[in-house]
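Accompanying notes for the structure given below.
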Amino acid sequence: MEENANSNSAPSNFIREIIEEDLITNKHNQKVHTRFPPEPNGYLHIGHAKAICLNFGIARDYEGLCNLRFDDTNPVKEDIEYVDSIQEDVKWLGFDWDDRMYYASDYFQKLYDFAVQLINEGKAYVDSSSSEEIKNQKGTPTEAGVNSLYRNRSIKENLELFIGMKEGRYEEGTHTLRAKIDMASTNMHLRDPLIYRIKKATHHNTGDKWCIYPMYDYAHPLSDWIEGITHSLCTLEFEIHRPLYDWFLNALHLENLPRQIEFARLNLNYTIMSKRKLLELVQEKYVSGWDDPRMPTISGLRRRGYTPESIRNFAEKIGVAKRDATTDVALLEYSVREDLNKNAPRVMGVLRPLKVIITNYPDSNVEELEAINNPEDPSMGKRLIPFSREIYIEQEDFQEIPHKKFFRLYPGNEVRLKYAYIIKCNEFIKNESGEIIELRCTYDPESKSGSEGSIRKVKGTIHWVSLEESIKAEVRLYDRLFTIEDPTAFEEKDFKEFLNPHSLEILNNCILERSLANAQQGDKFQFERQGYFCVDSLSKNDLLVFNRTVPLKDSWVKIEMKK
Ligand code: ATP
Ligand code: MG
């Protein structure tokens with residue numbers, strides 16, 4: 001189900017301050033118009049979610065508009081699968097572009113016409129140098145570049161050549177169109193940057209209509225202008241491109257100009273965010289796909305059990321800054337816990353079952369006990385769970401020889417079964433290989449939860465599931481995909497060397513309470529004492545599959561404290 005992202009006014013940041021100033025000075029005629037411009041060459045990730053929340057959130061809060069624009073100027077890497085997934089993900093996050101979904105490729109004719117205008121004004125030329133030569137003439141940050149031999153071609157010759165490029169008369173790599181700016185500029189991006197290159201590739205949107213394609217730095221400011229964008233928000237690496245962004249707009253004598261504003265991208269520890277690297281993981285099958293629940297993609301997080309609200313809240317918490325930093329992935333996990341704690345019903349499920357026979361409980365008896373669906377929200381009500389002679393508890397809730405601070409079951413000790421009775425362990429049974437396979441316990445009939453006798457205190461309370469009407473399920477536990485905070489930190493090492501070999505653990509024999517029998521794909525629950533779980537998108541009726549979204553507590557905090 002889609003929901004609307006109608007959060008109340010977000011905390012201020014430097015971008016909102018700029019917009020408020022522009023509203024006061026009436027710089028853009030009281031308009032606020034942003035855009036989210038993904039390149040359809042991969043699935044969106046949590047970093048994109050930050051940009052989406054920022055752009056759409058600003059439009060919402062200032063009664064402006066936000067466009068979705070596919071920045072599809074490179075025909076080689078783009079794919080319709082990505083175009084579809086991007087729309088699905090933005091909608092799922094709770095945002096809406098109404099009828100304003102555009103493609104930069106919709107503007108190819110206009111961009112071409114602008115290029116002709118630049119040539120006619122002596123501001124662009126066709127260069128017939130090889131890419132190697134162009135590279136060699138570029139200079140270095142401390143050394144001026146060298147003018148191309150072709151820089152002073154006549155306007156007439158430039159026009160003829162450019163038309164020839166467009167009509168497919170030349171091979172790839174033989175000619176390019178370049179802006180005539182300044183080969184000695186201290187900003188390398190102003191040293192006669194490329195505007196067009198020849199590419200004889202089929203484009204997902206324009207097919208074979210074009211064999212010249214505009215460069216990002218050229219297409220972007222003009223696409224913004226064509227759409228009437230007022231504030232063009234992008235990540236910090238584009239700061240140094242800003243003079244070029246402005247140069248194109250001014251060279252073409254345009255008015256009502258968009259303003260580019262840069263903000264820090266989201267970096268998360270234990271996470272990679274480059275689409276190229278994520279694609280590598282998919283193609284080389286380190287993960288099951290773009291929506292593998294371990295992926296930082298929006299589709300992966302959705303399948304893992306993240307809610308749109310938790311991601312929006314996360315985006316709000318991290319804020320918008322002008323300096324790059326790394327955010328702790330624990331903050332993302334905190335955001336989903338916070339949301340699911342309020343909204344996910346509690347159930348009982350045993351992940352690694354240990355059989356318990358309650359020897360003094362009548363053989364054929366089944367009792368229905370009352371359980372609370374969510375202590376955070378009484379309106380979620382109560383349910384009945386069956387209790388009987390044979391139940392299952394978590395293997396780790398029993399220790400044959402208890403260590404000092406272990407207050408759960410061990411021989412001779414008592415523990416409370418949540419919503420049920422106090423039981424005492426009298427005996428344990430091992431198989432031939434010495435594993436404990438069964439406990440024999442007695443229950444105290446006076447100790448039923450909620451009854452008068454229940455006031456008797458024992459130190460531990462554990463969860464359990466009765467064999468009666470129980471359900472078998474598969475549960476997938478996920479851990480961080482990488483073992484170190486920054487898998488790309490070492491130049492001489494491949495980031496894949498740091499993949500966590502234990503990032504996925506599949507448990508096949510989990511036993512869940514009967515209320516889960518009709519759980520549907522995407523449904524979310526708190527398994528008491530375990531964490532938050534979500535029914536997987538590949539789950540079937542005859543075998544429920546759950547993904548653990550997050551454990552109840554952050555186990556990494558402890559591990560890192562020890563280090
Ligand atoms: P990647 O580097 O992951 O491949 P990209 O920048 O090439 O990402 P685009 O499709 O061009 O991907 O990104 C669309 C928009 O999302 C851009 O405005 C970009 O600045 C923004 N964006 C991308 N990554 C992040 C991030 N980690 N944090 C915030 N915004 C991001
Ligand atoms: Mg990009």
Side-chain angles (χ1 to χ4, degrees), residues 39 69-78 102-138 145-183 185 189-227 241 244-255:
E39 192 182 346
R69 182 199 312 144
F70 291 103
D71 224 319
D72 57 349
T73 49
N74 182 355
V76 186
K77 291 190 200 154
E78 295 159 2
Y102 303 117
Y103 294 92
S105 57
D106 293 338
Y107 312 136
F108 279 173
Q109 183 62 45
K110 283 184 187 157
L111 296 176
Y112 176 81
D113 295 340
F114 278 136
V116 169
Q117 187 185 335
L118 288 175
I119 294 173
N120 275 323
E121 294 189 23
K123 292 170 181 166
Y125 62 97
V126 173
D127 195 339
S128 309
S129 312
S130 68
S131 60
E132 192 63 26
E133 284 164 329
I134 291 180
K135 211 170 107 198
N136 291 337
Q137 291 165 355
K138 183 119 201 189
V146 180
N147 285 351
S148 162
L149 290 178
Y150 305 96
R151 198 175 198 262
N152 290 320
R153 272 176 164 153
S154 70
I155 288 174
K156 185 164 167 278
E157 192 186 358
N158 279 323
L159 274 179
E160 277 169 12
L161 285 167
F162 188 51
I163 291 168
M165 282 167 65
K166 179 194 178 222
E167 292 186 344
R169 273 183 250 143
Y170 308 114
E171 292 311 307
E172 283 185 18
T174 55
H175 303 282
T176 53
L177 185 71
R178 297 178 71 178
K180 198 170 186 175
I181 308 181
D182 179 6
M183 288 304 291
S185 173
H189 295 284
L190 293 179
R191 292 186 186 172
D192 291 10
L194 294 197
I195 304 179
Y196 270 94
R197 65 229 195 280
I198 301 172
K199 260 202 182 164
K200 305 213 163 163
T202 304
H203 186 279
H204 77 97
N205 190 25
T206 57
D208 293 321
K209 178 157 184 237
W210 294 90
C211 60
I212 54 170
Y213 289 94
M215 304 302 292
Y216 174 88
D217 278 339
Y218 172 71
H220 201 80
L222 295 173
S223 303
D224 281 345
W225 182 83
I226 290 167
E227 291 178 15
H241 297 240
L244 182 56
Y245 181 100
D246 293 335
W247 188 90
F248 282 123
L249 296 169
N250 290 319
L252 290 160
H253 319 288
L254 301 173
E255 285 172 10

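When a residue number appears, it is its place in the shown sequence, counting from 1.
- In this structure, the side chains of Asn158 and Asn120 stay at 4.5 Å or more apart for every pair of heavy atoms.
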Query raised in the report: After noting the C-alpha distance and the side-chain angles of Ile198 and Glu171, does the key distance pass the side-chain contact (heavy atoms from CB on, under 4.5 Å) rule?
Result: CA-CA 7 Å; Ile198 301 172; Glu171 292 311 307; over 6 Å; no
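- When all heavy atoms of Ile134 and Leu194 are compared, the closest pair comes out as CD1-CD2, 4.4 Å.
- Residues Tyr196 and Ala115 come closest through the heavy atom pair CE1-CB, 3.7 Å.
- Side chain of Asn250 to backbone of Trp247: no donor-acceptor contact under 3.5 angstrom is found.
- Judged purely by atom type and a 3.5 angstrom limit, Arg69 has no side-chain atom pairing as donor or acceptor with the backbone of Tyr102.
- Side-chain atoms of Asp182 do not come within 3.5 Å of backbone N or O of Arg191 as any donor-acceptor pair.
- Considering Arg197, His220, Arg178 as possible partners of Met215, the one that fulfils the side chain to side chain contact (heavy atoms under 4.5 Å, CB included) test is Arg197.
- Between the CG atom in Asp71 and the OG atom in Ser223 there is a gap of 6.5 Å [rounded to 0.5 Å].
- Residues Ile212 and Leu177 have side chains not in contact (no heavy-atom distance under 4.5 Å, counting atoms from C-beta outward).
- Taken to the nearest 0.5 Å, the OH atom of Tyr216 stands 8.5 Å off from the OG1 atom of Thr73.
- Closest of all the heavy-atom pairs between Ile195 and Ala124 is CD1-CB, 4.1 Å.
- With a 6.0 Å radius and a threshold of 12 heavy atoms from other residues, nucleotides or ligands, Lys77 has its NZ atom at or below the threshold.
- With values rounded to the nearest 0.5 angstrom, Asn152 atom CG is found 7.0 Å from Asn147 atom CG.
- Ring-centre distance between Phe162 and His175: not below the 6.0 Å cut-off.
- Using a 3.5 Å distance cut-off with no hydrogens or angles, the side chains of Asp113 and Gln117 do not pair a donor with an acceptor.
- Residues His253 and Glu121 have side chains that bring a donor and an acceptor to within less than 3.5 angstrom of each other.
- Annotation: side chain of Leu222 is in contact with side chain of Phe114 (closest heavy-atom distance under 4.5 Å).
- Between Leu111 and Ala219, the shortest heavy-atom contact is CD1-CB, 4.0 Å.
- The SG atom of Cys211 lies 13.0 Å from the NE2 atom of His203; values are rounded to the nearest 0.5 Å.
- For Ser130, the side-chain contact (heavy atoms from CB on, under 4.5 Å) partners at least two apart in sequence or on another chain are Glu132, Glu133.
- If you take CG on Asp246 and CG on Leu254, they are separated by 11.5 Å, rounding to the nearest 0.5 Å.
- The structure places OG1 of Thr206 at 9.5 Å from CG of Asp106, a figure rounded to the nearest 0.5 Å.
- A side-chain donor-acceptor contact under 3.5 Å links Asp224 and Tyr245.
- Applying the salt bridge (charged side-chain N to carboxylate O under 4.0 Å, His left out) test to pairs two or more places apart or on separate chains, those with a residue in residues 155-170 are Arg153-Glu157, Lys156-Glu160, Glu167-Arg169.
- Between Tyr213 and Ala201, the shortest heavy-atom distance links the atoms OH-O, 3.1 Å.
- Within the 4.5 Å cutoff, side-chain heavy atoms of Ile181 are placed close to those of Pro193.
- In this structure the side chain of Val126 reaches within 4.5 angstrom of the side chain of Met165, judged on heavy atoms.
- Residues Asp127 and Arg151 are not paired through a salt bridge, judged by the lack of any N-O separation under 4.0 Å between the basic side chain and the carboxylate.
- Between the side chain of Thr174 and the main chain of Tyr170, no donor-acceptor pair closer than 3.5 Å is present.
- A perpendicular orientation is assigned to the rings of Trp210 and Phe108, their planes being inclined by more than 60° (bins at 30° and 60°).
- Taking the six-membered ring for Trp and the full ring otherwise, the centers of Phe70 and His204 sit at least 6.0 Å from each other.
- By the 4.0 Å N-to-carboxylate-O rule, Lys199 lies too far from Glu172 to be salt-bridged with it.
- For Tyr218 and Phe248, the distance between ring centers is under 6.0 angstrom.
- The two residues Ala251 and Leu118 make their nearest non-hydrogen contact at CB-CD2, 3.8 Å.
- Asp192 and Tyr125 share a donor-acceptor pair across their side chains, judged by distance under 3.5 Å alone.
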